[in-house]
A.B. asks: 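My questions will all concern the structure given below.
Note that the structure is predicted; figures quoted are calculated from it, not measured.
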Amino acid sequence: MKIAVLGTGLMGAPIAANLAAAGHDVRVWNRTRAKAEPLAEKGATVADTPAQAVEGVEIVLTMLNDGTTVTAAMQDAAPSLPHDAVWIQASTVGISATEDHIALARSLGLEFVDAPVLGSVKPAAEGNLVVLASGAPELRERVQPIFDVIGARTMWVGEAGASSRLKLVANSWVLALTAAVGEAVSLAEASGLDPKLFLEAVSGGATDCAYLQMKGNAIIERSFPPSFTVQNALKDALLVNEAAVRANVHLDVAQASSARLNRVVTKGHGDEDMAASYYASFE
């Protein structure tokens with residue numbers, strides 16, 4: 001298949017590489033071209049503009065930072081978009097932006113599949129993401145070969161937009177876990193304890209999980225290479241809180257997570273892994 005991947009950052013680059021490795025004709029574009037150029041060695045064609053990337057393709061996959069950036073890229077691509085193409089929108093952009101993208105796809109004559117993913121850099125590189133997909137049932141057969149390459153599992157959850165809502169639910173859980181790990185480790189350290197005692201104490205029990213052990217050890221080692229950055233986590237936390245307002249529910253933990261992440265960004269850790277939100281526990 002001829003596929004354009006717009007956005008080759010931490011997630012988009014391994015997704016594009018896996019699609020090229022699977023034999024697809026992949027065109028890539030990124031606002032910072034230098035981030036896209038390594039993909040040429042992996043079989044992708046690097047384009048200078050979104051319009052150049054999408055010319056003659058069957059699938060357009062967007063994996064960009066936020067809804068505004070996605071919209072701008074697709075508007076730039078518009079003059080060259082084939083009218084029978086399918087737009088797979090895989091970025092996490094929230095409910096309002098997804099509604100805007102559904103309308104934009106309609107205005108451009110494109111079929112639209114809402115498909116945010118669960119997972120970070122390592123699962124993306126391994127093709128082990130979980131794809132949360134929603135859209136018209138007749139589109140499933142066309143896009144499933146893409147999802148089979150980039151993900152270990154695809155969940156179809158209804159009409160376009162449903163999967164973006166589900167992604168925010170999942171992200172609210174991840175944000176809560178991340179905040180709780182950082183607080184527990186910081187409390188252990190400030191109490192004069194080796195924080196590894198905490199990880200050992202819960203190991204194998206009902207309150208243990210792989211995420212706790214992974215992020216807990218990263219915090220203890222002060223090792224924060226980004227799988228998902230603090231800045232992006234803050235963006236998602238704000239989207240979760242926006243969804244809560246729309247749904248008329250009170251999410252105290254999500255609000256607190258936003259405040260913690262914002263403090264860490266102001267401390268200069270925005271480009272580190274979201275586990276660096278640990279630093280919010282200290283003045």
Side-chain angles (χ1 to χ4, degrees), residues 1-9 11-12 15-16 19 24-33 36 45-117 131-147 150 154-168 235-236 238-239 242-243 245-247:
M1 300 175 73
K2 293 182 179 180
I3 305 165
V5 177
L6 306 183
T8 58
M11 298 293 286
I15 284 173
L19 290 170
H24 295 290
D25 179 356
V26 178
R27 326 273 183 81
V28 296
W29 169 83
N30 196 70
R31 286 176 296 174
T32 304
R33 183 185 168 96
T45 301
V46 181
D48 291 321
T49 65
Q52 187 183 74
V54 304
E55 190 170 351
V57 301
E58 301 162 73
I59 303 287
V60 180
L61 188 152
T62 47
M63 181 56 86
L64 293 154
N65 186 63
D66 54 45
T68 300
T69 306
V70 171
T71 298
M74 291 301 290
Q75 288 174 336
D76 287 347
S80 300
L81 281 167
H83 289 296
D84 58 349
V86 178
W87 174 13
I88 298 173
Q89 207 307 96
S91 323
T92 301
V93 298
I95 298 171
S96 296
T98 298
E99 292 172 346
D100 291 342
H101 294 153
I102 292 170
L104 178 60
R106 189 178 301 116
S107 72
L108 295 172
L110 300 174
E111 301 287 358
F112 185 83
V113 176
D114 178 29
V117 298
V131 181
L132 306 178
S134 56
E138 60 268 22
L139 297 176
R140 295 185 183 186
E141 187 174 342
R142 290 181 65 183
V143 299
Q144 194 60 53
I146 308 297
F147 297 155
I150 70 175
T154 302
M155 288 181 60
W156 286 94
V157 294
E159 295 183 355
S163 46
S164 278
R165 296 194 297 274
L166 178 57
K167 176 64 188 293
L168 295 180
K235 180 262 296 184
D236 284 4
L238 295 174
L239 293 175
E242 177 187 297
V245 171
R246 287 179 61 128

A.B. asks: Between the side chains of Ser96 and Arg246, does any donor sit under 3.5 Å from an acceptor?
C.D. replies: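 Their side chains do contain a donor-acceptor pair, which is all the 3.5 Å distance test asks for.
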
A.B. asks: Ignoring hydrogens and geometry beyond distance, is a side-chain donor-acceptor pair present between Thr154 and Gln144 at under 3.5 Å?
C.D. replies: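 Yes, because at least one side-chain N or O of Thr154 sits under 3.5 Å from a partner of the opposite role on Gln144.
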
A.B. asks: When rounded to the nearest 0.5 angstrom, what distance separates CG in Asp236 from CG in Leu168?
C.D. replies: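 Atom-to-atom, Asp236:CG and Leu168:CG are 7.5 Å apart.
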
A.B. asks: Between Lys235 (side chain only) and Asn65 (backbone N and O only), is there a donor and an acceptor less than 3.5 Å apart?
C.D. replies: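 Checking the backbone N and O of Asn65 against the side chain of Lys235, a donor-acceptor pair under 3.5 Å is found.
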
A.B. asks: What's the spacing between Thr62 OG1 and Gln89 CD if we round to 0.5 Å?
C.D. replies: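 Result: 3.5 Å between the selected atoms.
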
A.B. asks: Taking atom OG1 of Thr98 and atom CZ of Arg165, what is their separation to the nearest 0.5 Å?
C.D. replies: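 One gets 9.0 Å once the value is rounded to the nearest 0.5 Å.
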
A.B. asks: Would you give the length of the straight line joining atom CD1 of Ile88 to atom CD1 of Ile59, rounded to the nearest 0.5 angstrom?
C.D. replies: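 Here the interatomic distance stands at 4.5 Å.
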
A.B. asks: Is there a side chain to side chain contact (heavy atoms under 4.5 Å, CB included) between Val60 and Met74? Walk through the geometry before answering.
C.D. replies: CA-CA 9 Å; Val60 180; Met74 291 301 290; 3.9 Å; yes

A.B. asks: Are any side-chain N or O atoms of Glu58 and backbone N or O atoms of Lys2, one a donor and one an acceptor, separated by less than 3.5 Å?
C.D. replies: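 Flag set: sc Glu58 to bb Lys2 pair under 3.5 Å.
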
A.B. asks: Just checking Arg31: does its CZ atom have more than 12 heavy atoms from other residues, nucleotides or ligands closer to it than 6.0 angstrom?
C.D. replies: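 Incorrect, the count does not exceed 12.
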
A.B. asks: Asp114 side chain to Ala160 main-chain N or O, any donor-acceptor pair under 3.5 Å?
C.D. replies: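 No, the answer is negative, given that no donor and acceptor are paired below the 3.5 Å cut-off.
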
A.B. asks: Any side-chain heavy atom of Phe147 sitting closer than 4.5 Å to one from Val113?
C.D. replies: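 The answer is yes; the side chains approach within 4.5 Å.
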
A.B. asks: side-chain hydrogen bond (donor to acceptor under 3.5 Å, both in side chains) for Glu159 and Ser134? Distances and angles first, verdict last.
C.D. replies: CA-CA 5 Å; Glu159 295 183 355; Ser134 56; over 6 Å; no

A.B. asks: Provide the closest heavy-atom pair for Ala36 versus Asn30 in the form atom of the first, atom of the second, distance.
C.D. replies: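 For Ala36 and Asn30, the tightest heavy-atom pair comes out as CB-CB, 4.0 Å.
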
A.B. asks: How far does CD of Gln52 sit from CZ of Arg27, to the nearest 0.5 angstrom?
C.D. replies: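 Separation between the atoms: 9.0 Å.
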
A.B. asks: Can you tell me how far OG1 of Thr69 sits from CG of Leu6, rounded to the nearest 0.5 angstrom?
C.D. replies: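 Between atom CG of Leu6 and atom OG1 of Thr69 there are 12.0 Å.
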
A.B. asks: Donor-acceptor check, side chain of Ser91 to backbone of Leu64, threshold 3.5 angstrom: yes or no?
C.D. replies: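 Side chain of Ser91 to backbone of Leu64, a donor-acceptor pair under 3.5 Å: yes, one is there.
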
A.B. asks: Taking all non-hydrogen atoms of both residues into account, name the closest pair between Val28 and Ala16 and its distance.
C.D. replies: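 Answer, listing the atom of Val28 first, then Ala16: CG1-CB, 3.7 Å.
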
A.B. asks: Which ring-ring contact (aromatic ring centres under 6.0 Å, His included) pairs, counting each pair once, include a residue from residues 46-98, with sequence neighbours left out?
C.D. replies: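 Checked against ring-ring contact (aromatic ring centres under 6.0 Å, His included) - neighbours excluded - the pairs reaching residues 46-98 are Trp87-His101, Trp87-Phe112.
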
A.B. asks: Could you pull out the closest heavy-atom pair between Pro116 and Thr92, with the gap in Å?
C.D. replies: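 Pro116 and Thr92 have their closest heavy atoms at CB-OG1, 4.4 Å.
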
A.B. asks: If you count every heavy atom of other residues, nucleotides or ligands that lies below 6.0 Å from Glu141 atom CD, does the total exceed 12?
C.D. replies: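 It does not: Glu141 CD has 12 such atoms or fewer within range.
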
A.B. asks: With the side chain counted from C-beta on, respond yes when Thr49 and Asp76 share a heavy-atom pair under 4.5 Å apart, and no when they do not.
C.D. replies: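 No, every pair of side-chain atoms sits at 4.5 Å or beyond.
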
A.B. asks: Which heavy atom of Ile3 sits nearest to which heavy atom of Val57, and what is that distance?
C.D. replies: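 Closest heavy-atom pair between Ile3 and Val57: C-CG1, 4.2 Å.
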
A.B. asks: Work out which heavy atom in Met63 is nearest to a heavy atom in Met11; give both atom names and the distance.
C.D. replies: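 In terms of heavy atoms, the two residues are closest at CG-CB, 3.9 Å.
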
A.B. asks: Do you know which two heavy atoms are closest between Ala90 and Leu61, and how far apart they sit?
C.D. replies: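 Ala90 and Leu61 have their closest heavy atoms at CB-CD2, 4.2 Å.
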
